[in-house]
Every structure is written in structure tokens, then in C-alpha cells.
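Below is one structure; the comments refer to it alone.
Below, read A as the first sequence line, B as the second, and so on, with proteins coming before strands; counting in each chain starts at 1.
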2 protein chains.
Amino acid sequence: MTRSSKTRAVDIGGVTVGGGAPVVVQSMTKTDTRDVSATVAQIAELEAEGCELVRVAVPDMEAARAITAIKKAIHIPLIADIHFDHRLALESLKAGVDALRLNPGNITSRQGVARVVAKARARHIPIRIGVNAGSLPKDITEGSLAQRMVSAALREIGFLEGLDFDLIKISLKAFDVPTTVAGYHLMARHTRYPLHVGITEAGPPPAGSIRSAVGIGILLHQGIGDTIRVSLTSPPAEEVRAAWEILKSLNLREHGAVLVSCPTCGRCDVDLQGLVAQVEQRLKNLGSPLKVAVMGCEVNGPGEAREADVGLAAGKGRGVIFKKGEKVRTVTEASFMDDLMAVVAEMEDSNAG
Amino acid sequence: MTRSSKTRAVDIGGVTVGGGAPVVVQSMTKTDTRDVSATVAQIAELEAEGCELVRVAVPDMEAARAITAIKKAIHIPLIADIHFDHRLALESLKAGVDALRLNPGNITSRQGVARVVAKARARHIPIRIGVNAGSLPKDITEGSLAQRMVSAALREIGFLEGLDFDLIKISLKAFDVPTTVAGYHLMARHTRYPLHVGITEAGPPPAGSIRSAVGIGILLHQGIGDTIRVSLTSPPAEEVRAAWEILKSLNLREHGAVLVSCPTCGRCDVDLQGLVAQVEQRLKNLGSPLKVAVMGCEVNGPGEAREADVGLAAGKGRGVIFKKGEKVRTVTEASFMDDLMAVVAEMEDSNAG
């Protein structure tokens with residue numbers, strides 16, 4: 001897990017991507033970008049979930065111009081997603097966008113891209129070369145799909161570098177996980193530009209979240225990926241929650257509580273699913289990255305509860321609460337929830353203090 | 001992704017695990033094992049979701065004896081989960097179980113384990129050495145958690161081999177993904193016995209599914225893992241669905257339809273989330289592994305729809321349906337669903353014919 005430290009750093013409106021910076025969580029709005037209030041409202045939701053960069057579609061000039069008003073009302077950097085027409089990128093730059101995503105597969109005017117690059121260079125605005133398996137340049141036909149994605153990116157990198165531009169980020173997204181992984185592997189050998197990682201068109205959750213977790217997880221575990229976006233057919237807040245869970249599962253970032261709980265089995269003497277659902281709800285707004293274990297198992301319960309910051313090992317009618325490995329309270333089933341949350345609150349206070 | 005072909009094969013009630021066989025999906029019941037009808041009903045649900053091996057907790061003799069009746073009423077091999085007391089394993093063998101899981105961390109009687117192994121050997125019943133981070137043998141204190149899990153497994157392997165027993169499967173489960181991955185890596189270097197892979201106490205979905213997908217996905221992508229269990233604080237059918245999604249995302253197994261759909265964005269002119277939810281519902285009972293794309297995007301829509309077995313590229317008020325890369329129908333928004341499903345039905349018929 002060393003590769004990300006070797007990428008170059010790119011600054012997007014104050015957020016560093018690459019160069020060993022923490023992996024950045026991003027998402028994209030699903031509103032009509034021209035509808036400023038709907039778009040701003042959705043970005044506010046994304047911010048609340050921990051989204052650190054947000055992208056908006058720019059299908060026409062009106063959408064590009066809306067960026068000015070949207071920027072004023074939000075608190076995270078804004079990226080314009082550009083396809084087909086380079087003039088939408090020029091207008092987005094004028095509107096004050098923090099970064100651009102250009103699809104090399106469908107923006108065909110080289111002169112147009114050169115004009116965009118010149119303006120971006122003058123304003124220090126990074127450009128993501130966003131390659132998609134579903135919209136590759138038509139003249140790139142050699143090799144596997146992964147190789148073609150890489151070829152498309154390499155050619156565009158060459159073009160931008162030829163214009164003395166290096167504020168570059170790269171993505172190579174496909175639906176197929178092994179193809180996507182192979183593409184990023186190849187890319188990581190060819191370049192030090194930061195990589196934006198994701199599995200495209202992954203579908204609705206839970207299947208889409210699982211597919212994304214497998215693909216993004218494999219790459220991050222190998223140190224590939226400086227920013228991630230989970231693409232789901234769902235409200236975008238769910239994309240952000242999934243992204244954070246991926247990062248937390250690899251200990252790459254902290255973001256709120258981590259809940260350890262047993263699957264339950266024929267040994268379990270308490271309604272653990274119900275209890276865990278309640279605990280999860282209560283932990284949602286926890287600011288600190290406490291690890292909380294709720295175990296209904298005499299096999300692994302005491303062990304896991306001891307390992308957590310706060311742990312409940314529940315048995316028939318009673319349980320033991322651990323705090324940082326120390327047994328602190330014996331509790332009865334009726335008060336599992338309250339006693340556990342009381343210890344969580346103590347821990348929060350002492351962390352804050 | 002070559003390592004699994006090098007493991008030995010073990011037969012569990014007619015299901016091959018290891019030796020390059022397809023990765024097997026398993027789960028565990030959450031009912032009281034002594035309640036035969038509840039346990040059988042839950043196993044029937046698991047079978048319907050595609051569960052291929054099922055495990056039950058055996059906390060007491062009555063649970064062990066219930067195995068005989070459960071076995072008669074189910075259609076997949078049954079595994080007894082044994083902790084603390086080796087006599088529960090002996091009773092489970094007598095009751096006709098197809099395999100055992102023994103926890104080397106809490107079954108302390110070496111003579112007892114030797115008796116279990118002798119009986120298992122006589123009946124050709126495999127034993128999983130199931131190591132958990134939360135219940136390691138107390139005398140194994142050297143090294144990292146991953147190393148200690150491996151040490152516990154290696155010692156137990158040695159003991160079983162000393163008794164001339166080799167129908168062995170191994171698992172090393174922890175909540176922490178990097179620890180679990182490191183443990184299996186180390187284990188894979190030490191042994192050719194098949195590996196049962198999972199992330200333990202992963203919590204409720206969606207967080208638990210995402211954590212499991214990251215951990216299991218990383219290992220499977222490296223060719224490690226002959227059977228998987230997703231452990232979720234949820235009804236067990238959800239564990240099986242998640243396991244299949246992990247395997248499908250890596251193209252390791254086929255299991256029903258695969259749904260490709262775009263996340264939607266400010267370019268999308270149709271209610272794609274609603275449409276996708278309907279399509280997903282209708283595809284649920286599809287037997288064949290058709291890849292169906294539902295795209296609302298002019299950027300990647302036509303490309304992805306063409307790549308799928310059946311694809312809809314939807315735009316404002318109308319769309320195009322593709323079948324194996326060929327445009328077959330132009331459709332209006334009102335009939336997106338019906339026309340798409342009609343082509344899916346055609347494909348199913350031709351696959352069946």
C-alpha cells in the first residue's frame with residue numbers, strides 16, 4: 001500500500017488529491033444542474049455525509065453558467081463534468097469551477113481542448129482525463145478493453161503535456177471489475193498523476209455497493225487510488241456512505257463510529273439484530289471514530305468486546321460492558337442500550353476533553 | 001488468480017471445496033438449532049438464494065441430536081459449528097453431519113479432539129479448523145494478530161496430521177480487513193488445504209456487506225479462497241445474496257442476471273432510478289446469467305447497452321433497445337419496461353432452447 005505516496009499532488013479548490021494525501025471522497029449530483037436550488041440542496045446533503053469534492057453534469061451553457069450561483073452556496077470544491085463540447089468547459093471555467101473532467105472519448109475538437117487547457121493553465125484549474133469503457137475514442141481499437149482505456153488516457157496525457165499542462169488526474173472506469181483493476185494497474189505503471197478510482201454503472205445498491213467495494217477495495221489495498229467515487233443508481237448520499245465504508249474497512253480514513261457486531265447464530269440468547277439496529281441509529285451522529293462492539297456470542301463476544309473502544313458482550317438476560325479492554329459494568333438486558341450508550345458518551349467526552 | 005487451483009479438494013456431502021472447483025457459497029442459520037422446523041425453514045430460504053453449504057450452531061447435546069432431523073429435511077450439506085466441548089462434535093457425527101467446524105481456541109481437550117478426529121476419519125467427514133481473532137488459544141501470544149491466527153491454525157493442522165487426518169479446511173477470521181488479508185496470505189504460503197474466507201463480526205448491512213466485499217474481494221482477486229461466508233447482523237439470506245454479488249463482480253461464478261445501470265446525473269432525462277428498481281425486481285427470478293443494461297445517459301448509454309446481452313439506452317421520451325450488440329427496437333418511454341422485458345424473455349427462450 002505504498003503506491004499512492006508516489007503520485008503527484010494536485011490541488012482542487014483547497015483539497016489535495018494525490019501525493020500521499022488521505023484518499024478523498026467524491027460524488028456527483030443527480031439533479032438538473034440548471035436548477036440551482038435543487039443542486040445546492042443535494043450538495044448540502046452530500047456535504048453532511050462527508051463528501052469532499054462534488055461534480056455536476058454540464059450538458060448545456062445554462063448548466064455551465066449555473067456554476068457561479070452553485071459555487072456561492074456550497075462549501076466543497078466543485079467539478080464540472082464535460083462531454084462532447086469543449087465550449088461547456090470554457091464556460092464552466094468562466095463560471096469559477098474548481099476543476100474539470102473531460103472525456104477524451106467524445107470531445108473531438110483538438111483545437112477546442114487546447115483552448116480549454118490554456119485557460120485552465122492560466123487559472124491553475126486541474127483537469128481529470130476521465131476515460132469510460134462505454135465511450136472510448138473510436139479510433140483506439142487495439143488490445144484488451146483495459147489496454148484501450150489506458151491508450152486513450154495516455155494519448156490525452158501526451159496532448160496536455162504537449163501544451164505544458166500537468167495539473168492532471170486520471171480515471172479509467174468500466175463496469176467489469178477485473179477489467180477496471182487491470183486498467184488501473186497498467187496506468188499506475190505508466191504515470192505518476194493521481195488516480196480517481198471507481199467502478200462505473202455499478203447499478204443500484206446493495207449489488208452496486210458490493211461491486212464497487214470489491215473493485216475499489218482491491219485497488220486501494222494495492223495503494224492505487226487518490227480519490228474515489230462510488231457510482232450507484234440511488235440518491236447520491238448513499239454513494240458517499242459507501243465510499244466511507246470502503247475507506248474505513250481498509251483503515252485508510254476515519255469517519256464516525258465503527259460498529260462490530262456478530263452475525264448471531266443458534267448460540268445467541270438475545271435479540272441482537274434489534275439491539276444492533278438501535279445502536280447503529282444512535283451512533284450515526286457520533287463525531288468521533290469510536291469502535292463499538294455489540295456481541296451476543298460467548299465464543300468471540302468477550303474477545304471482540306475487549307478489543308473495541310466500547311464493547312458489550314451480551315448473554316442470556318445479562319451482559320458485560322468493556323471500555324478500552326477493561327470490564328467496567330455488568331448490565332441487565334433491559335438496560336443494554338442505555339448502559340452501552342452511557343459508556344459511549346463517557347468516551348466521547350474524554351476524547352473531546 | 002491462480003492460487004485456488006493449487007489447493008487440495010475436500011468433499012463435503014457431495015460439494016467440492018478447493019482443488020480449483022468453483023468458489024462455494026455458504027452461510028449459517030440464526031435459529032435455535034434445537035427448533036428443527038424453524039431451522040429447516042431458514043435453510044430452505046438459504047437454499048432458494050443459492051446457498052450451497054449451511055452451518056448450524058451446536059451449543060448443546062439437544063442441538064447436536066437435532067441434526068438428524070434437520071438433515072432429512074434439507075437439500076444441501078450440513079456443517080456443525082463446535083466450540084468448547086468436543087463431545088458435541090462426537091454427537092454431531094453420530095447424528096450424520098457432513099462436516100465439522102472446530103475452534104482450536106476453545107476446545108482444550110487434546111484427547112477429546114483426537115477422538116473426534118478418529119471418528120471423522122472413519123466416516124470421511126472433513127473438519128474446518130476455524131480460527132477467530134476473538135477466541136485465539138490463550139498460549140499463543142507471539143507476533144501480530146495475523147501471525148497468531150496462523151500459528152493457531154498451523155498447530156492444529158499439525159495435531160490433525162499427526163493423527164493421519166487430512167480432510168482439512170482452514171479459516172482465519174478477524175473484523176479488521178488488513179489483518180484478515182495478511183493472515184490468509186501467510187496461511188496460503190504455508191498450506192495447500194482449502195481456505196474458507198470471511199470477515200467476522202462485520203456488522204449489519206450495508207456497512208457489513210461493504211466491509212466483507214472489500215476483504216473477501218481482495219483475497220479472491222489474488223486467488224485465495226475456496227469457499228466464502230459473508231457474516232452479517234441480518235437475516236442470513238442477505239449473507240448469501242452478498243456472497244453471490246462478490247463472486248459475480250469478479251466473474252468467478254454466474255448466478256442470475258447482472259444489472260448494469262448508470263448512477264444518473266444532470267444529463268438524465270428519464271426517471272432511471274424508478275425504472276431500474278422495476279427492472280431489478282423483474283430480473284430477480286431470472287434463471288440465466290443475462291447481463292442487462294439500463295442506461296439513461298447519452299455518454300455511455302449506447303456503449304454499455306451494446307456491451308450487454310440486452311440493453312436499453314434511454315433518452316428524453318424514447319430509447320433504443322440492443323440485443324447482443326445489435327439495435328433491435330426503438331421504444332417510447334411509456335413502454336420502456338415492457339419492451340425491455342420482452343427482449344429479455346426472448347433471450348431467455350433462446351438460451352433455454
Checklist entry - Out of curiosity, A:Ser249 OG to B:Phe175 CZ, how far, rounded to the nearest 0.5 Å? => result 9.0 Å

Checklist entry - Side chain, backbone, both or neither: which part of A:Ala202 has an atom under 4.5 Å from a heavy atom of chain B? => result backbone

Next on the checklist: Under the rule for salt bridge (Lys or Arg N to Asp or Glu O under 4.0 Å), what residues qualify as partners of B:Asp271, not counting sequence neighbours?
Outcome noted: none

Checklist entry - Going through the distances and angles, do B:Asn103 and A:Val299 end up as a side-chain contact (heavy atoms from CB on, under 4.5 Å)? => result CA-CA 9 Å; B:Asn103 184 338; A:Val299 176; 3.6 Å; yes

Checklist entry - Which bit of A:Pro235 comes within less than 4.5 Å of chain B, counting heavy atoms only: side chain, backbone, both or neither? => result both

Checklist entry - Given the rule in the side-chain contact (heavy atoms from CB on, under 4.5 Å) test, do B:His83 and A:Glu298 qualify, once you have shown the distances and angles that lead to the verdict? => result CA-CA 10 Å; B:His83 298 272; A:Glu298 63 173 331; over 6 Å; no

Next on the checklist: For a side-chain contact (heavy atoms from CB on, under 4.5 Å) check, start with the C-alpha distance between B:Val177 and A:Asn251, then their side-chain angles and the critical distance, and finish with the verdict.
Outcome noted: CA-CA 8 Å; B:Val177 169; A:Asn251 305 331; over 6 Å; no

Next on the checklist: If we ignore hydrogens and angles and just use 3.5 Å, is the side chain of B:Lys30 paired with the main-chain N or O of A:Pro263 as donor and acceptor?
Outcome noted: yes

Next on the checklist: So, using side chain to side chain donor-acceptor pair (under 3.5 Å) as the criterion, who are the partners of B:Glu201 when residues are at least two apart?
Outcome noted: none

Checklist entry - What part of A:Cys265 gets closer than 4.5 Å to chain B, counting heavy atoms only: side chain, backbone, both or neither? => result both

Next on the checklist: Can you tell me which portion of A:Ser231 sits under 4.5 Å from chain B's heavy atoms? Options are side chain, backbone, both or neither.
Outcome noted: both

Checklist outcome for this item: The interface call for A:Glu307 against chain B, heavy-atom contacts under 4.5 Å, is neither

